[in-house]
Every structure is written in structure tokens, then in C-alpha cells.
Amino acid sequence: MKPIITLKNITLRYGRRLALHDVSGEFSPGSLTAVAGPNGSGKSTLLKLIAGIVKPSKGEVIKNTSQAIAYLPQSSAIQRDFPMPVGQAVATGFWPHAGLFQSIGQTHKEQVNVALAEVGLAGFENRQISQLSGGEFQRMLFARLIIQNAPILLLDEPFTAVDAETTQRLMQLLLMWHQQGRTIICVLHDLLLIKKYFPESFVLAGKCLGRGHTHAMFDQKLLSFDLDMAELCDGDNAHTSHPPDLHQPHVHTEACSHHDHKDHV
Ligand code: ADP
Ligand code: MG
């Protein structure tokens with residue numbers, strides 16, 4: 001199947017800081033992919049690149065589609081004390097259709113309330129977003145995704161600082177969207193969730209450390225991920241002490257130079 005999104009030898013710098021170095025990869029239509037890697041490994045940058053929010057310094061992002069892309073940013077990057085009621089925040093999901101300055105009509109309001117009920121926030125529409133807990137805030141962002149109704153979804157750490165019940169509820173929504181044939185790329189840290197629910201994985205550390213079928217990568221201990229995560233964060237050469245086995249089936253791997261993406265401050 002022809003990929004819906006292709007990354008070709010992407011290098012991305014923020015000023016002198018190298019965030020992504022020579023990253024390539026493909027995402028098939030309808031695929032459900034986890035993006036994993038230690039802090040600062042370029043995960044958010046990868047999503048922003050696909051969303052078109054940042055541009056590569058080198059290489060290209062090829063989108064074989066004109067379909068809408070919805071992007072759920074990392075919640076730490078969102079100003080949460082902004083004075084805005086929940087219903088209005090969710091209704092911003094209509095902007096691509098309704099236009100920025102058009103008022104939201106009664107039908108839209110009803111759709112917002114249905115979306116809020118679907119994520120377990122029925123009756124929250126007049127609450128200020130600053131009053132929401134971490135889990136409620138993530139639920140609200142998912143309600144906004146429901147409103148956006150996009151065939152391609154990019155989610156940056158939707159389950160971080162979220163309780164188990166909320167994680168389960170939001171994960172069920174993701175699985176439903178996957179069953180509907182949407183293409184989903186989701187940054188997350190929880191290896192158990194990745195192994196249980198995400199058929200594909202894309203592991204970053206500035207470079208692409210591995211990509212392909214999740215179980216092929218993790219079950220064969222190609223990347224003993226939970227251990228290597230810590231090592232990747234700690235030592236300069238730690239990950240090179242566990243070189244990926246380049247002969248594993250279905251898995252693309254690349255060696256990674258830690259020096260490349262760090263230390264260019
Ligand atoms: P992750 O999401 O994996 O934690 P990011 O993609 O946010 O990683 O960041 C990758 C690298 O790029 C980090 O070293 C980070 O400090 C740097 N970076 C991210 N955004 C910016 C920015 N707007 N300006 C400068 N450096 C940035
Ligand atoms: Mg991030």
C-alpha cells in the first residue's frame with residue numbers, strides 16, 4: 001500500500017540545535033503508530049513537521065493526500081490558564097469548517113455537548129479550562145478531536161499525567177478511530193500501552209533508532225526499550241552499546257549518533 005506520509009532524510013535544526021538528523025520513515029493509510037524515545041529526542045518536532053508547523057532544514061515530508069490533519073499538542077505546551085470555557089475550547093475544532101470569526105450555532109453547540117459526553121465530560125461546557133484537572137483537560141482535547149473529525153490524527157503525549165481510567169477511555173476512542181480507517185501517529189512513553197495497542201512503532205533519539213512492527217521490535221529485544229530509554233538519557237554513548245540487530249525481519253533500524261543531536265546548544 002502506498003504510504004500516506006513519507007519522511008525523506010529529514011534534518012531539522014532550531015537555530016544551531018539539531019533536533020532531527022537524517023530521519024526517514026513511512027506511514028501507511030489507516031496505520032496506528034506509536035512514536036517513542038527519551039526526552040528531547042525529537043518526538044514533538046516529528047509531529048510538528050508532519051502537521052506543517054515546522055519546516056525541515058533538509059529533506060522533505062511527502063503527503064500523498066489532501067485529507068485534513070488534526071494535531072493534539074503536548075499539554076505542557078498549551079497555556080492552560082487562558083480564560084475560556086470548555087465548550088468554546090472544544091468548538092475551536094470547528095474553525096477549519098466554520099471560519100475563525102463565524103459564530104458557533106445551536107447545532108454546533110449540540111455537537112460539542114455530544115463530544116463532551118463521549119469523553120465523560122457531560123455538563124462541563126461552561127467550566128473554565130483553567131479549572132480542569134490534567135485528565136479532564138486531556139479529555140477536553142479529545143472532545144475537540146471528535147469535533148475536528150479528521151482522517152489523520154497526530155497526538156503528542158495524550159496519556160501523560162492522566163489517570164488509568166481516563167487513559168483507558170481515551171485509548172478506546174483511538175482504537176475506534178483506527179477501526180474506522182484513520183491514520184494515527186501518537187507520541188507516548190508507556191511501553192505496556194505501546195505493546196498492547198499500537199501495531200507500529202517509530203523510535204527516535206534524534207535519529208530514527210527503529211521503525212516497523214511493534215512486536216518485531218520489542219519482543220525480539222531488538223530495542224530493550226524500557227532499559228535503553230534510561231541509558232539513552234544518561235550516557236553520551238549509552239545506546240551505541242546496544243546496537244540494533246540489522247538482520248531482524250520487518251524492522252528498519254539505523255545506528256544513532258547521540259552527539260549529533262545533543263550538545264549543539
Ligand atoms: P521531545 O518531544 O522528544 O521531548 P522535541 O522535539 O520537543 O523533543 O525537542 C527536540 C530537541 O529540539 C530538544 O533538544 C529541544 O530542546 C529542541 N527544541 C524543541 N523545540 C525548540 C525550539 N522551539 N527552539 C529551540 N530548540 C527547540
Ligand atoms: Mg515532546
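Both backbone and side-chain heavy atoms feed into the values below; hydrogens, waters and symmetry mates do not. Whatever order the structure lists ligands and atoms in, that order sets their numbers, starting from 1. Just so it is clear, the structure is predicted and the values come from calculations on it, not from any experiment.
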Would you check the N or O atoms of N39, main chain and side chain alike, for any that come under 3.5 Å of an N or O of ligand 1?
no

Cluster link L145 to L170, ILVMFWY, side chain under 4.5 Å:
yes

Spell out the protein N/O/S atoms under 2.8 Å from the Mg ion (ligand 2) as residue plus atom name.
S44 OG, Q74 OE1

Considering only heavy atoms, does R17 approach ligand 1 within less than 4.0 Å through its side chain, its backbone, both, or neither?
side chain

Numbered atoms of ligand 1 (with element) below 4.0 Å of P38, judged on heavy atoms:
3 (O)

Check whether any N or O atom of K43, backbone or side chain, sits under 3.5 Å from an N or O atom of ligand 1, and answer yes or no.
yes

For the 3.5 Å polar cut-off, considering only N or O atoms, please tell me whether A19 and ligand 1 meet it.
no

Distance-only, no hydrogens or angles: does the R182 side chain make a donor-acceptor pair with backbone N or O of A150 under 3.5 Å?
yes

Mind checking salt bridge (Lys or Arg N to Asp or Glu O under 4.0 Å) for K58 and listing every partner two or more places apart, or none if nothing turns up?
none

Consider only side-chain N and O atoms of R139 and T166, and report whether a donor and an acceptor are under 3.5 Å apart.
yes

Within the distance-only criterion (no hydrogens, no angle test), does the side chain of Q128 pair as donor or acceptor with the backbone N or O of M84 below 3.5 angstrom?
yes

Between R13 and L18 (side chain of the first, backbone of the second, donor and acceptor by atom type, cut-off under 3.5 Å), is there such a pair?
no

Taking the minimum heavy-atom distance to atom 7 (O) of ligand 1, which of S41, G40, S44, A36 ranks first?
S44

Close approach, G15 and ligand 1, non-hydrogen under 4.0 angstrom
no

Quick one: does H189's side chain have a donor or acceptor within less than 3.5 Å of a partner on T160's backbone?
no

